[in-house]
**Student:** 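Sharing a structure with you now.
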There are 2 protein chains.
Amino acid sequence: MIDDTAARAQVVDAADRLFYARGVQAVGMDAVRTEAGVSLKRIYKLFPSKDDLVVAVLECRREVWNAGIAATAERAGTARGKLLAVFDFLDAWFREPDFRGCAFINVYGELSGGSEQVQRTVREQKEAFGAYVAQLVREAGAPASLAPQLAILAEGAQTTAAISGTPDAAAQARTAAEVLLAAALD
Amino acid sequence: MIDDTAARAQVVDAADRLFYARGVQAVGMDAVRTEAGVSLKRIYKLFPSKDDLVVAVLECRREVWNAGIAATAERAGTARGKLLAVFDFLDAWFREPDFRGCAFINVYGELSGGSEQVQRTVREQKEAFGAYVAQLVREAGAPASLAPQLAILAEGAQTTAAISGTPDAAAQARTAAEVLLAAALD
DNA sequence: TTGCGATGAGAACGATCGTTCTCTAGAGTA
DNA sequence: TACTCTAGAGAACGATCGTTCTCATCGCAA
């Protein structure tokens with residue numbers, strides 16, 4: 001038998017795949033159990049309710065997102081380069097064949113009237129990203145008002161790419177970000 | 001008894017309120033029937049399935065959106081002014097107490113794995129908005145590449161405002177749009 | 001070997017969903 | 001008046017949901 005840590009990872013992984021592809025409400029716990037290969041009893045011991053599982057999935061997504069952003073930023077030397085690297089990261093993400101938009105936005109739209117804990121997790125993720133951008137804007141020596149503008153561009157690129165089905169929005173948002181950066185740094 | 005046109009309007013109106021506030025999947029047809037005051041039999045005569053009702057609700061939202069955008073644009077003289085007016089429209093919308101984000105984005109996130117007709121309706125709305133912005137950009141004498149950038153700003157403002165729970169994103173996006181417009185019109 | 005606690009597989013439960021059906025009442029027509 | 005058609009109210013249906021329960025099985029201490 002596998003230990004709790006491994007079982008937990010398998011369940012979160014399977015749930016993430018299913019929830020992201022089909023939506024949370026369209027996926028039953030039975031499907032999660034089949035995909036994960038972990039019994040329902042064990043799943044409910046690890047996650048007392050489906051909401052807890054959704055939160056765990058989002059927290060896992062946050063780790064992946066942060067790691068991806070950090071890896072792309074590392075290849076850039078300046079703070080300005082790190083800010084633009086966000087859009088390169090988005091570009092690569094949008095080109096993945098199973099891209100279906102930002103999981104946080106999707107879940108928020110689906111469960112906005114429901115679990116309050118899920119809403120909080122989504123909000124925290126967006127706030128953390130905003131804080132990351134704000135830190136880089138400070139380092140770049142640009143006025144603080146630039147940060148939310150760049151964050152809005154990244155947000156808009158994600159929903160536009162999801163709905164249009166093309167990755168074009170990443171490059172378009174990057175170009176806009178360059179203009180805003182140039183104007184702010186004059 | 002009311003005629004079909006009035007019954008249809010009542011059902012769409014009630015469904016819109018419920019779907020927007022709680023999500024499509026969280027609202028049963030029984031709740032729509034109670035809110036609309038129209039019998040289930042009649043609802044299913046007007047809309048053969050729940051998906052058809054969702055599409056009708058989205059089409060109604062599109063009319064309201066287009067009318068609101070047009071009304072705000074009318075108060076601006078120039079094409080540049082009409083482009084910025086989009087963000088004034090968003091600002092007023094975000095301040096409404098029951099604002100919960102863009103209904104099209106919410107529905108897309110919720111049913112992305114489901115009805116293909118719903119997906120098409122969402123995509124058409126976003127394409128139509130993009131075409132509207134592109135037309136104004138042309139009239140303003142700016143390069144065509146500006147249009148998707150402004151559309152992405154509007155899109156990002158909507159999701160940011162929904163998740164953050166504040167209307168700030170409208171003004172931030174408007175400021176960014178002014179910078180992009182100034183740079184494009186040099 | 002015996003007894004015990006935990007596990008996996010999946011049946012079972014109560015609720016709710018989208019959709020259809022039944023039954024009754026009333027309007028219009030000859 | 002008698003007949004027909006439609007609509008409303010809501011029960012009914014089969015499916016599916018999240019969650020819990022049953023039961024056979026296994027590892028392991030004494």
Side-chain angles (χ1 to χ4, degrees), chain A residues 1-58 106-107 110-119, chain B residues 1-58 106-107 110-119:
Chain A
M1 202 198 54
I2 56 180
D3 66 10
D4 278 1
T5 307
R8 212 186 143 87
Q10 281 182 29
V11 172
V12 169
D13 231 53
D16 179 59
R17 274 196 303 275
L18 295 173
F19 290 168
Y20 185 62
R22 298 193 229 154
V24 173
Q25 310 211 58
V27 172
M29 294 297 277
D30 247 26
V32 173
R33 159 222 159 108
T34 302
E35 178 88 358
V38 174
S39 75
L40 270 181
K41 191 174 190 173
R42 191 126 187 235
I43 292 178
Y44 273 94
K45 203 183 61 177
L46 294 166
F47 309 96
S49 76
K50 194 182 185 182
D51 272 352
D52 294 302
L53 177 55
V54 172
V55 169
V57 165
L58 290 180
N106 290 349
V107 166
E110 186 170 357
L111 307 177
S112 77
S115 162
E116 188 257 338
Q117 194 189 0
V118 170
Q119 285 186 57
Chain B
M1 199 199 59
I2 57 179
D3 64 11
D4 278 1
T5 306
R8 210 185 143 88
Q10 281 182 30
V11 172
V12 169
D13 231 53
D16 179 59
R17 273 195 304 274
L18 295 173
F19 290 168
Y20 185 62
R22 298 193 230 153
V24 173
Q25 311 210 59
V27 173
M29 293 298 277
D30 247 26
V32 173
R33 158 220 159 109
T34 303
E35 178 88 359
V38 174
S39 75
L40 269 183
K41 191 175 191 174
R42 191 126 187 236
I43 292 178
Y44 273 94
K45 203 182 64 177
L46 294 166
F47 308 97
S49 78
K50 194 181 186 183
D51 272 353
D52 293 302
L53 178 56
V54 172
V55 169
V57 164
L58 290 180
N106 291 349
V107 165
E110 185 170 358
L111 306 177
S112 79
S115 162
E116 186 258 336
Q117 195 189 0
V118 170
Q119 285 186 57

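Below, read A as the first sequence line, B as the second, and so on, with proteins coming before strands; counting in each chain starts at 1.
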**Student:** Give, ordered by number, those residues of residues 6-21 of chain A having at least one heavy-atom distance below 4.0 Å to an atom of DNA chain C; if nothing qualifies, reply none.
**Tutor:** none
**Student:** What distance do A:Arg33 atom CZ and A:Lys41 atom NZ have between them, rounded to the nearest 0.5 Å?
**Tutor:** 12.5 Å
**Student:** Using a cut-off of strictly less than 4.0 Å, decide whether B:Arg33 has a side-chain nitrogen or oxygen near OP1 or OP2 of D:dA9.
**Tutor:** no
**Student:** Report the distance from atom CG of A:Leu111 to atom CD of A:Gln117, rounding to the nearest 0.5 Å.
**Tutor:**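 A:Leu111 CG to A:Gln117 CD: 12.0 Å, rounded to 0.5 Å.
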**Student:** What are the atom names and distances for every N/O pair under 3.5 Å that joins the protein to nucleotides 19-25 of chain C?
**Tutor:**
residue, atom, partner, partner atom, Å
C:dT19, OP2, B:Tyr44, OH, 2.8
C:dT19, OP2, B:Lys50, N, 3.0

**Student:** Quick one: CG on A:Leu58 to CG on A:Asn106, what's the gap to the nearest 0.5 Å?
**Tutor:** 10.5 Å
**Student:** List the atom of A:Ala56, the atom of A:Phe47, and the distance in Å for their closest heavy-atom pair.
**Tutor:**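 Minimum heavy-atom separation between A:Ala56 and A:Phe47: CB-CE2, 3.5 Å.
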**Student:** Just jot down the salt bridge (charged side-chain N to carboxylate O under 4.0 Å, His left out) partners of A:Arg17, sequence neighbours excluded, or say none.
**Tutor:** A:Asp13, A:Glu35
**Student:** Across the strands shown, which category fits A:Val27 at heavy-atom distances under 4.0 angstrom: base, sugar-phosphate, nothing?
**Tutor:** sugar-phosphate
**Student:** Can you give me the closest heavy-atom contact between A:Gly23 and A:Val27, atom names plus distance?
**Tutor:**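 So the minimum-distance heavy-atom pair works out to O-CG2, 3.4 Å.
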**Student:** What pair of heavy atoms forms the shortest contact from B:Ala36 to B:Val11, and how long is it?
**Tutor:** CB-CA, 3.9 Å
**Student:** Looking at B:Val12 and B:Val57, what are the two nearest heavy atoms and their distance?
**Tutor:**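 Scanning both residues completely, I find the closest heavy atoms to be O-CG2, 3.8 Å.
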**Student:** Indicate whether OP1 or OP2 belonging to C:dT7 is found under 4.0 Å from a side-chain N or O atom of A:Arg42.
**Tutor:**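 No, outside the criterion.
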**Student:** Can you tell me how far P of C:dA6 sits from NZ of A:Lys45, to the nearest Å?
**Tutor:** 9 Å
